[in-house]
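The block underneath contains the structure these notes are about, expressed in structure tokens.
The residues of the chain are indexed from 1 along the displayed sequence. These numbers were taken from a predicted model, which means no experiment stands behind them.
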Amino acid sequence: MRIAFVLDPSEVSFSAIRAQGAGGQNVNKVSNAVHLRFDVRASSLPEALKERLLALRDQRISDEGVVVIKAQQHRSLEKNREEALARLTDLIEAAALVPRVRRPTKPTRSSQQRRLEGKALRGGIKAGRAKVLP
């Protein structure tokens, strides 16, 4: 089962920052990396989905309920913005997927019998490997 949601773009804020790592002189003067911030508690998501998101043990979600995603994979600010938004959507979709409740079942009598017969057969094979006593 999946909880339906619509992500409102006005609830997501972006800020351009300088990327880390290689890039030569360009990396020191151009702000191409993106910090995405999304306040879960103040969002328009359904309450059930908010609770599931906040219950996730994810390091990107702060104690205040703000999701912070840093994207710096691409050299373009726009591509990094798209990637950060895609990661946020993936995170919300993972929380929206409610796993099925497992109903415990009992093994059938015939499956139990087959299991015991197989164990007895295997035990007989192993017993045949033992030393022969005089």
Side-chain angles (χ1 to χ4, degrees):
M1 190 175 106
R2 182 179 296 272
I3 301 172
F5 71 94
V6 176
L7 188 61
D8 187 6
S10 65
E11 296 173 349
V12 181
S13 66
F14 295 97
S15 58
I17 57 170
R18 289 207 175 125
Q20 296 173 321
Q25 293 175 350
N26 191 54
V27 80
N28 296 326
K29 58 186 180 179
V30 180
S31 298
N32 279 341
V34 169
H35 257 168
L36 174 145
R37 291 184 166 277
F38 178 72
D39 191 356
V40 176
R41 290 193 175 101
S43 68
S44 62
L45 295 175
E47 286 300 319
L49 185 54
K50 286 182 190 181
E51 290 173 19
R52 290 182 60 82
L53 255 176
L54 294 171
L56 286 177
R57 306 302 308 150
D58 196 304
Q59 64 186 13
R60 297 173 290 184
I61 302 174
S62 69
D63 295 335
E64 294 82 33
V66 178
V67 179
V68 179
I69 296 176
K70 181 179 181 183
Q72 60 180 8
Q73 193 71 32
H74 305 284
R75 291 184 65 165
S76 155
L77 181 71
E78 203 49 48
K79 283 187 179 180
N80 282 329
R81 186 178 296 209
E82 289 171 11
E83 183 187 346
L85 202 54
R87 281 199 246 160
L88 175 65
T89 307
D90 290 344
L91 180 69
I92 296 173
E93 283 178 355
L97 187 64
V98 180
R100 273 196 197 155
V101 177
R102 182 189 174 277
R103 291 204 183 105
T105 58
K106 292 182 179 177
T108 60
R109 185 175 291 165
S110 61
S111 70
Q112 288 178 348
Q113 194 173 357
R114 279 194 306 271
R115 182 179 139 265
L116 294 176
E117 286 171 0
K119 286 169 76 74
L121 186 68
R122 193 79 189 144
I125 291 171
K126 290 187 174 188
R129 295 181 193 151
K131 289 184 182 179
V132 181
L133 297 175

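Within the model, atoms CG of Leu53 and OG of Ser43 stand 8.0 Å from one another, a figure rounded to the nearest 0.5 Å. The distance from atom CG of Leu45 to atom CG of Leu7, rounded to the nearest 0.5 Å, is 6.5 Å. The CG atom of Asp39 sits 8.0 Å away from atom OG of Ser62, with the distance rounded to the nearest 0.5 Å. Taking CG of Asn32 as the reference point, atom CD of Gln72 lies at 10.5 Å (rounded to 0.5 Å). Of the inter-residue distances, the one linking Phe38 atom CZ with Ile92 atom CD1 reads 4.5 Å to the nearest 0.5 angstrom. In this structure, Leu85 CG and Phe14 CZ are separated by 4.5 Å, a value rounded to the nearest 0.5 Å.
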### Audit row: Leu36, Val12, side chain to side chain contact (heavy atoms under 4.5 Å, CB included) steps and yes/no
CA-CA 7 Å; Leu36 174 145; Val12 181; 3.6 Å; yes
### Residue pair Arg41, Leu54: steps toward the side chain to side chain contact (heavy atoms under 4.5 Å, CB included) verdict
CA-CA 9 Å; Arg41 290 193 175 101; Leu54 294 171; 3.9 Å; yes
### Query
After noting the C-alpha distance and the side-chain angles of Ile69 and His35, does the key distance pass the side chain to side chain contact (heavy atoms under 4.5 Å, CB included) rule?
CA-CA 6 Å; Ile69 296 176; His35 257 168; over 6 Å; no
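The local environment of CD in Gln59 is sparse, with at most 12 non-hydrogen atoms from other residues, nucleotides or ligands closer than 6.0 Å. With a 6.0 Å radius and a threshold of 12 heavy atoms from other residues, nucleotides or ligands, Arg81 has its CZ atom above the threshold.
Within the structure, the salt bridge (Lys or Arg N to Asp or Glu O under 4.0 Å) test picks out no pair touching residues 97-115 (sequence neighbours left out). Sorted by first and then second residue, the salt bridge (Lys or Arg N to Asp or Glu O under 4.0 Å) pairs involving residues 44-59 (not counting sequence neighbours) are Glu47-Lys50, Asp58-Arg60.
Here the closest heavy-atom approach between residue Ala33 and residue Asn80 is recorded as CA-ND2, 4.0 Å. Annotation for Ser111 and Thr108: closest pair OG-O, 2.8 Å, computed over non-hydrogen atoms.
Leu49 and Leu56 end up in the same hydrophobic cluster when Ile, Leu, Val, Met, Phe, Trp and Tyr side chains are linked at under 4.5 Å. A chain of hydrophobic side-chain contacts below 4.5 Å, direct or via other Ile, Leu, Val, Met, Phe, Trp or Tyr residues, connects Leu91 to Val98.
A donor-acceptor pair under 3.5 Å links the side-chain atoms of Glu11 to the main chain of Ser44, judged by distance alone.
Residues that satisfy the side-chain hydrogen bond (donor to acceptor under 3.5 Å, both in side chains) test with Thr89, not counting sequence neighbours, are absent from this structure.
Counting heavy atoms from C-beta on, the side chains of Val66 and Val40 never come closer than 4.5 Å.
A salt bridge links Glu83 with Arg87: the closest approach of a Lys/Arg side-chain nitrogen to an acidic carboxylate oxygen falls below 4.0 angstrom.
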